[in-house]
Novice: 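This is the structure I want to talk about, given as structure tokens.
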Amino acid sequence: MPSLIPMPLTYEKLSNELVEIEKYTALTSFAEDMLSESYQITLSKNGFSIIAADSMGLFYARQTIKQLIDNSDNGKVPELKIEDQPRFQYRGMHLDVARHLFDVADVKKYIDMLAYYKFNFFHWHLTDDQGWRIEIKKYPKLQSVAAYRDSTLIGHYSDSPHQFDGEKYGGYYTHKEVKEVVDHAAAYGIEVIPEIEMPGHSLAALAAYPELGCESIEYYTATKWGVFPEIYCPTESTFLFLENVIDEVISLFPSDYIHIGGDEAPKDAWKKSKFCQDVIRKEGLNDEHGLQSYFITRMEKYINSKGKQIIGWDEILEGGLAENATVMSWRGIEGGIEAAESGHDVIMTPTSHCYFDYYQSVNESEPLAIGGYLPLDKVYAWSPIPDELETQYHQYILGGQGNVWTEYIHTFDQVEYMAYSRMMALSEVLWRGKDKSLTYVNFLDRYKDHAAYWESKGVNIANHTLDLKYIIEKGESGKLNVVFQDRLSNTDIAVRSPKGKRLLSAGEVSYEIDDTGRYTFMASNEERVGRPSIVDVEKHNAMACDITLEYQPSKTYEGYGALSLVNGISGSKEKYSGDEWLGFSGVPMDATLNLDTAIAINTIEVSAFNSPGQWIYPPKYVDVWVKTLSSKEFQKIIVEELLDDETHKLHSREFVIDQNDVIAIRVFAQDYGVIEEGRQGAGNRAWLFIDEIVVR
Ligand code: ACM
């Protein structure tokens with residue numbers, strides 16, 4: 001079967017005969033009664049025809065043919081019939097060029113890939129705290145000052161202390177270069193949406209024009225990542241500046257949309273500013289959120305007056321949504337639901353399924369990433385329309401978008417590595433209908449061929465198809481098993497365990513883990529060998545016990561559910577991604593462990609992840625309770641305050657218990673609560689991440 005991504009609506013092999021597609025000239029026609037962007041291809045020994053709804057339908061038919069040839073043996077493909085149409089009208093990919101900058105040639109290569117996988121929007125994130133990347137002739141200091149930073153953070157934001165490379169970094173795209181990119185995209189029917197951030201993420205612009213800020217201080221283009229309190233002040237001169245910027249931007253981009261950002265704008269500066277407080281009073285606004293709404297609405301009116309529409313991140317809902325705005329829902333799906341229910345267009349791009357800067361594998365050899373965990377199968381399983389959204393509002397969900405933020409992506413090679421695999425899965429999400437027969441394993445089989453094709457072209461695509469995906473499950477015997485998921489056909493797994501070496505054949509899907517020690521699993525087939533998956537097990541007194549949780553972890557970080565806390569496997573000490581850490585959002589961790597038999601217990605070890613830059617804090621305190629054969633009721637043994645230590649990613653505490661006949665244990669970890677002003681995520685509830693509860 002030829003490999004197609006996205007999977008067409010219907011695909012029919014007419015016979016097993018192979019024909020050389022390039023020998024034919026297609027008979028092309030347009031059919032007005034077909035849905036926009038749709039096409040049909042028929043290829044047989046008797047002829048080759050394309051029927052398309054419109055020019056985009058014809059373009060996508062040609063991309064499909066290109067895919068067929070690229071993934072064929074010597075250009076020979078089976079006789080076939082394809083009918084295809086996209087499910088969503090907005091199929092987007094984003095690229096952040098503010099944190100790291102990429103050559104025009106590379107941006108064009110990125111667009112080529114969007115075209116190959118039938119995306120139709122390129123969201124170009126052009127301005128941020130760390131750099132302003134688009135030439136604005138009216139404001140030369142945007143080029144000489146805002147386009148550069150003095151230094152760049154080395155390593156991860158959560159490393160302490162912060163270290164910098166001390167090297168000036170920057171650059172920008174000239175009008176000519178911008179036009180080159182826009183024209184390149186237009187040739188594929190791809191609309192380029194420029195993003196000019198306001199009122200936050202504007203530190204680079206303030207460094208160039210400090211009079212646009214609220215305070216008379218010196219501003220510097222940011223040298224590290226995160227959210228900064230310095231934002232535009234809503235003065236007449238700021239609006240004039242932004243209107244002039246927008247005028248130049250509009251002259252370069254034929255796009256119907258202008259993205260105005262709107263995300264992560266802390267209100268500290270506006271709270272302190274007499275000018276801002278006066279505007280709030282004069283305009284009858286409720287508070288600083290009202291002022292943000294006033295800011296965005298004013299810019300919307302201006303942009304609408306130029307015949308363009310605005311898009312903003314979901315924070316633009318706070319304080320009231322501008323009249324015609326389209327919302328990009330990123331912090332989750334709630335913003336998208338709220339906007340759709342009020343009749344606004346929505347583009348879904350939640351961190352949980354669309355942030356391609358997150359780790360795509362838990363393998364230790366993955367390059368440093370911002371955090372999180374978004375494997376290919378999770379992208380593939382996504383649907384942009386939330387289950388909880390009533391049918392009448394589905395029409396407002398225009399589609400979805402993958403985001404590629406580049407704090408930790410320094411080179412274009414790395415963009416390819418992080419973006420392309422998941423972009424392919426997203427393409428299929430945005431094209432396929434609700435056809436449930438398209439399984440992930442089927443996709444993976446096709447992905448394998450595409451990845452091999454791109455590898456042969458020198459593209460740095462993530463080819464993790466032989467990385468083993470597994471879950472830990474409690475078997476009927478009460479013992480734990482590693483159960484392999486979504487495995488490519490014809491792969492064996494080599495196992496090394498404390499028991500010795502074994503080869504699992506393609507039919508064997510699980511392996512018992514019941515001893516302390518290292519288990520290594522490695523898949524291979526005739527074509528290649530996967531990276532090893534390493535599972536380190538420490539057998540302890542509560543391993544595989546019955547466990548219940550009073551509060552559930554967030555769906556985004558739910559691992560294997562409560563079992564993750566007692567499966568004998570600890571989380572990574574470096575990152576909170578993967579299935580061993582459970583992430584609790586704004587609730588405590590309250591676990592009850594019922595032991596199979598009464599036993600003597602010496603200690604209980606509880607660990608929490610600490611990464612304030614990502615809103616992850618250790619618990620305020622931990623209580624440990626035990627129930628013994630004689631006590632019957634739980635008794636509190638330990639109350640321990642945990643220190644808020646900035647320097648370690650892992651907070652581990654071993655509590656001494658020394659009790660006999662213990663039948664149950666309760667561990668309660670109080671979450672940190674609301675993050676203080678001046679820190680990343682200020683005003684939000686902190687996350688609490690807990691891994692194995694080790695009972696010795
Ligand atoms: C965002 O990720 N700040 C939109």
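Residue numbers start at 1 and run along the sequence shown. Please read these numbers as outputs of a predicted model, since none were measured by experiment. Atoms within each ligand, like the ligands themselves, are counted from 1 in listed order.
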Novice: Within ligand 1, which atoms have a heavy atom of E264 less than 4.0 Å away?
Specialist: 3 (N)
Novice: If you have a sec, work out which protein heavy atom is nearest atom 3 (N) of ligand 1 and how many Å separate them, to one decimal?
Specialist: D263 OD2, 2.7 Å
Novice: Atoms of ligand 1 less than 4.0 Å from W330 heavy atoms?
Specialist: 1 (C), 2 (O), 3 (N), 4 (C)
Novice: Hey, does the Lys NZ or Arg CZ of R149 hover above the aromatic six-ring of F164, less than 6.0 Å from the centre and inside 45° of the axis?
Specialist: no
Novice: Are more than 12 heavy atoms, taken from residues, nucleotides or ligands other than N363, located less than 6.0 Å from that residue's CG atom?
Specialist: yes
Novice: Can you sort out which atoms of ligand 1 are near W405, meaning under 4.0 Å from one of its heavy atoms?
Specialist: 1 (C), 2 (O), 4 (C)
Novice: In terms of ring plane angle, is the pair Y209 and Y139 parallel, tilted or perpendicular, where the classes change at 30° and 60°?
Specialist: perpendicular
Novice: Looking only at protein heavy atoms, identify the closest one to atom 2 (O) of ligand 1 and say how far it is in Å.
Specialist: Y355 OH, 2.6 Å
Novice: Can you tell me if T406 uses its side chain to pair, donor with acceptor, with the backbone of I409 under 3.5 Å?
Specialist: no
Novice: For the side chain of E315 and the backbone of E264, is there at least one donor-acceptor N/O pair under 3.5 Å apart?
Specialist: yes
